[in-house]
2 protein chains.
Amino acid sequence: MFRALADETRRAILDELAARDDQTLFELCSRLAMHRGITSTRQAISQHLAVLEEAGLVVTRREGRCKFLTFDRQPLDEIQRRWPPPKETDP
Amino acid sequence: MFRALADETRRAILDELAARDDQTLFELCSRLAMHRGITSTRQAISQHLAVLEEAGLVVTRREGRCKFLTFDRQPLDEIQRRWPPPKETDP
DNA sequence: ACAATAGGCAAGCGTCTGCTTGCATGTCAA
DNA sequence: TTGACATGCAAGCAGACGCTTGCCTATTGT
């Protein structure tokens with residue numbers, strides 16, 4: 001999951017899905033091109049989505065020939081759980 | 001910074017510094033070996049620390065020939081700021 | 001001064017990653 | 001059915017990454 005966040009394009013994908021959930025791959029590709037000038041191929045985006053999905057950050061819903069993508073923030077909680085703010089030991 | 005978190009050894013370094021701040025490089029190396037079985041060279045750890053320091057996750061304090069390391073959690077806040085929990089739009 | 005200690009610099013190497021290209025699969029509309 | 005559309009699979013390649021090795025600098029103790 002940390003590895004999934006390590007790539008700027010993947011973070012941009014999450015940004016885009018955070019702004020508008022339930023996009024298809026084509027929608028996402030064109031929005032990435034419009035808003036962020038990401039000119040990668042559809043396959044490249046698809047591979048990024050596979051990484052994000054494996055990390056649990058993106059959830060997919062199949063509907064006919066379309067695949068709808070949703071951003072799931074839950075895996076991010078691990079970060080706060082792993083390195084919580086330091087305990088104040090001065091009362 | 002996201003890239004800095006992408007490596008398991010670097011995350012282990014943060015864990016170790018979270019448990020005990022103000023370690024030197026040698027201290028850190030032996031603790032990593034003890035607690036986590038990380039057998040990498042001192043140079044390898046040093047390179048990891050350079051990445052973590054550039055990401056702002058580790059702050060160093062020079063004192064004589066020793067370099068003391070401290071974990072700074074502040075950069076992690078960007079994650080919550082970038083992808084905050086979705087607004088509840090149903091009152 | 002001299003040796004030991006704590007750390008730094010840089011080159012080299014195997015592996016992983018992100019991307020492209022080309023083709024295959026499955027679905028909808030006429 | 002046939003063609004257009006949305007997506008999947010896989011090989012290949014250039015560059016990045018993590019690690020080791022070898023040598024260098026600076027500080028401390030005797």
Side-chain angles (χ1 to χ4, degrees), chain A residues 1-17 20-71 75, chain B residues 1-17 20-71 75:
Chain A
M1 167 225 167
F2 291 97
R3 215 187 59 75
L5 292 175
D7 186 82
E8 176 55 45
T9 301
R10 282 195 287 266
R11 293 195 293 272
I13 290 176
L14 292 187
D15 288 339
E16 207 56 54
L17 289 178
R20 169 185 282 244
D21 261 337
D22 244 42
Q23 298 191 47
T24 91
L25 180 58
F26 260 63
E27 261 181 283
L28 180 61
C29 283
S30 38
R31 281 178 196 279
L32 284 172
M34 300 278 166
H35 302 157
R36 307 173 196 261
I38 294 177
T39 65
S40 304
T41 327
R42 175 184 56 81
Q43 284 84 344
I45 306 297
S46 182
Q47 287 168 0
H48 281 308
L49 283 170
V51 176
L52 289 168
E53 194 174 352
E54 193 177 8
L57 289 163
V58 164
V59 173
T60 68
R61 174 172 53 87
R62 205 65 208 248
E63 204 162 300
R65 62 181 162 183
C66 293
K67 188 184 190 178
F68 293 91
L69 309 164
T70 305
F71 177 20
Chain B
M1 169 224 166
F2 291 97
R3 215 186 60 75
L5 293 175
D7 187 82
E8 176 56 46
T9 301
R10 282 195 288 266
R11 292 195 294 273
I13 289 177
L14 292 187
D15 288 339
E16 208 55 54
L17 289 178
R20 169 185 283 243
D21 260 337
D22 244 41
Q23 298 191 49
T24 86
L25 180 58
F26 260 64
E27 260 183 286
L28 180 61
C29 283
S30 38
R31 281 178 196 279
L32 284 172
M34 300 278 167
H35 303 156
R36 307 172 195 262
I38 293 176
T39 65
S40 303
T41 327
R42 175 183 56 81
Q43 284 83 346
I45 306 297
S46 182
Q47 286 166 0
H48 282 307
L49 283 169
V51 176
L52 289 168
E53 193 173 354
E54 192 178 8
L57 288 164
V58 165
V59 173
T60 68
R61 174 173 52 86
R62 204 67 208 245
E63 202 163 301
R65 62 181 161 181
C66 293
K67 189 184 191 179
F68 293 92
L69 308 164
T70 305
F71 177 19

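In what follows, chains are A, B, ... by sequence order, proteins preceding strands, each numbered from 1.
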Sugar-phosphate or base contact per nucleotide [nucleotides 17-23 of chain C; S, B, -; heavy atom under 4.0 Å]: SSBBBB-

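- Remark: P of D:dT7 and CD of A:E27 are 9 Å apart, rounded to the nearest angstrom.
- The CG atom of B:L69 sits 14 Å away from the P atom of C:dA6 (whole-angstrom rounding).
- If you take CZ on B:R61 and CD on B:E63, they are separated by 5.0 Å, rounding to the nearest 0.5 Å.
- At C:dG8, one or more side-chain N or O atoms of B:S46 fall inside 4.0 Å of OP1 or OP2 (strictly under the cut-off).
- Distance B:R62 CZ to D:dA26 P: 11 Å, rounded to the nearest Å.
- Distance check: A:L17 CG to A:R31 CZ gives 10.0 Å after rounding to the nearest 0.5 Å.
- Separating the CD atom of B:E63 from the P atom of C:dG7 is a distance of 12 Å, rounded to the nearest angstrom.
- The nearest whole Å value for the distance from the CG atom in B:L25 to the P atom in D:dT25 is 20 Å.
- D:dT27 atom P lies 14 Å from atom NZ of B:K67, rounded to whole Å.
- The two residues A:L69 and A:L28 make their nearest non-hydrogen contact at CD1-CD2, 3.8 Å.
- Taking atom CD on B:Q23 and atom C1' on C:dA6, their separation rounds to 15 Å, with Å as the unit.
- Here B:E8 pairs with A:R82, B:R11 under the salt bridge (charged side-chain N to carboxylate O under 4.0 Å, His left out) rule; sequence neighbours left out.
- Contact of B:R65 with C:dT5 (side chain to base): a donor-acceptor pair of N or O atoms is detected under 3.5 Å.
- Heavy-atom minimum distance, A:P75 versus A:A55: CG-O, 3.8 Å.
- Between B:L49 and B:I13 there is a side-chain heavy-atom pair separated by less than 4.5 Å.
- Rounded to whole Å, the distance from CZ on A:F26 to P on D:dG8 is 11 Å.
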